[in-house]
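Remember, predicted model here, so these are calculated numbers, not experimental data.
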Amino acid sequence: MAEKTTAGPMDAARFAALADAYGSALHRWPRAEQAAAVRFAETEEGHAILRRAGRLDALLDRQRVEAPSPTLYGAIVARAATEVRQVRRRRFWWLGFGLAGVGLAGAVAGLALVTVVNPDIQSDHYVMDANATSFGDAGPDADQTEEDL
Amino acid sequence: MGADPDEELVRRIGAGDPAAVQAMVARKLPRVLALARRMLGDAAEAEDVAQETFVRIWRHAAGWRQKGTRFDTWVHRVALNLCYDRLRRRREWVTDELPEVADETPLPDAMPGDEERRVGQALQRIAPRQREAIVLVYYQDLSNIEAASAMQVSVDALESLLARGRRALQAMLVGDDGDD
């Protein structure tokens, strides 16, 4: 959000526009334009513009707001204890869930790594036993088959 | 933007420091209450808004990060949103939208000692966005940049709202264009 900057002297139109918006107290005016405004305020025209804006300011200053009651102050402080405690507890639980999640993810990743690096070789392997030959199984069942023929 | 004067206090509240809670209430409650009182024109509703604003402060303190906005500006934005919720609820009986144009009919002359009430009435009769701009800059002493940020408008738009609001107040309270 940019603020206008005034390097040179301020003209009456800009001074009046700022007084229309911010009133007669220069401390409320845009910081970047205050130095130029202070210089223009010393002119007769500047005095007149500020005097006009000051009439409304004098009325606005009469509108005061009562200070907060001790009851309101106490109620707000009392509520803080509950709210802050709940938020901290919730954050603690989320931290716990987060850590558990990281642990679980680690376990899954570890299992996947073991599966890739050291796969189960039994299913694809044919293990030859003592009864097997290059022509087939030469075990007792094989003999029986030959007799049947 | 310089260092945020509230940042350390907010961090301590997030850490559960009861002294920081009290310091924050002492620092912000008068400002929040005044803002809501002038926006709503109703003391009881203003107290409700102040309480709700602080509930949000307590809930967000532990995770609050500056991100280019001062904490005080954020608090003003929260309180203003709560005020607008209430203003909209009031208007639901009449119209869906908040008026953009102020009712600038001059108010009757005040009896001696009655000026304060008259100014309060005039503030309630100008358009809410104009009132918001005047309350932030004139009464809450926010800089133009902070006020524009709280209102989520440009500085030029803020100045336009301020000027139109002040002109409307001038017409109601002074009854002329303010010329000598």
Assess whether a salt bridge exists between A:E44 and A:R51, defined as any Lys/Arg side-chain N lying under 4.0 Å from an Asp/Glu carboxylate O.
no
Can you tell me which of A:R62, A:E66, A:H27 forms the most heavy-atom pairs within a distance under 4.5 Å of chain B?
A:R62
Below 4.5 Å, heavy atoms only, C-beta onward: do B:R56 and B:L82 meet side chain to side chain?
yes
Applying side chain to side chain donor-acceptor pair (under 3.5 Å) to A:Y22 and A:D57, what does each step give before you reach the verdict?
CA-CA 10 Å; A:Y22 297 99; A:D57 289 353; over 6 Å; no
Contact leader toward chain B among A:L59, A:I76, A:D61, where contacts are heavy-atom pairs under 4.5 Å
A:I76
Name the region of B:L142, side chain, backbone, both or neither, that has any atom closer than 4.5 Å to a heavy atom of chain A.
neither
Name all residues meeting the side-chain hydrogen bond (donor to acceptor under 3.5 Å, both in side chains) criterion together with B:D42; count only those two or more places apart in sequence or in a different chain, and write none if there are none.
none
Is chain B contacted by the side chain of A:A53, its backbone, both, or neither, given a heavy-atom distance below 4.5 Å?
both
Best-contacting candidate, B:M24, B:H60, B:R38, against chain A by heavy atom pairs under 4.5 angstrom:
B:R38
Does A:Q34 reach the main-chain N or O of A:L26 with its side chain, forming a donor-acceptor pair under 3.5 Å?
yes
Of the backbone (N, CA, C, O) and the side chain (C-beta and beyond), which part of B:R166 lies under 4.5 Å from a heavy atom of chain A, both, or neither?
both
Is it the side chain or the backbone of B:P30 that comes within 4.5 Å of chain A heavy atoms, both, or neither?
both
Looking only at A:A81, A:A17, A:A21, the option with the highest number of non-hydrogen pairs under 4.5 Å against chain B is A:A21
With salt bridge (Lys or Arg N to Asp or Glu O under 4.0 Å) as the rule and sequence neighbours excluded, what pairs involving residues 144-155 of chain B come up?
B:R70-B:E146
Keeping B:R131 on the side-chain end and B:Q124 on the backbone end, is there a donor-acceptor pair under 3.5 Å?
yes
Sort B:A34 into side chain, backbone, both or neither according to what part of it lies under 4.5 angstrom from a heavy atom of chain A.
both
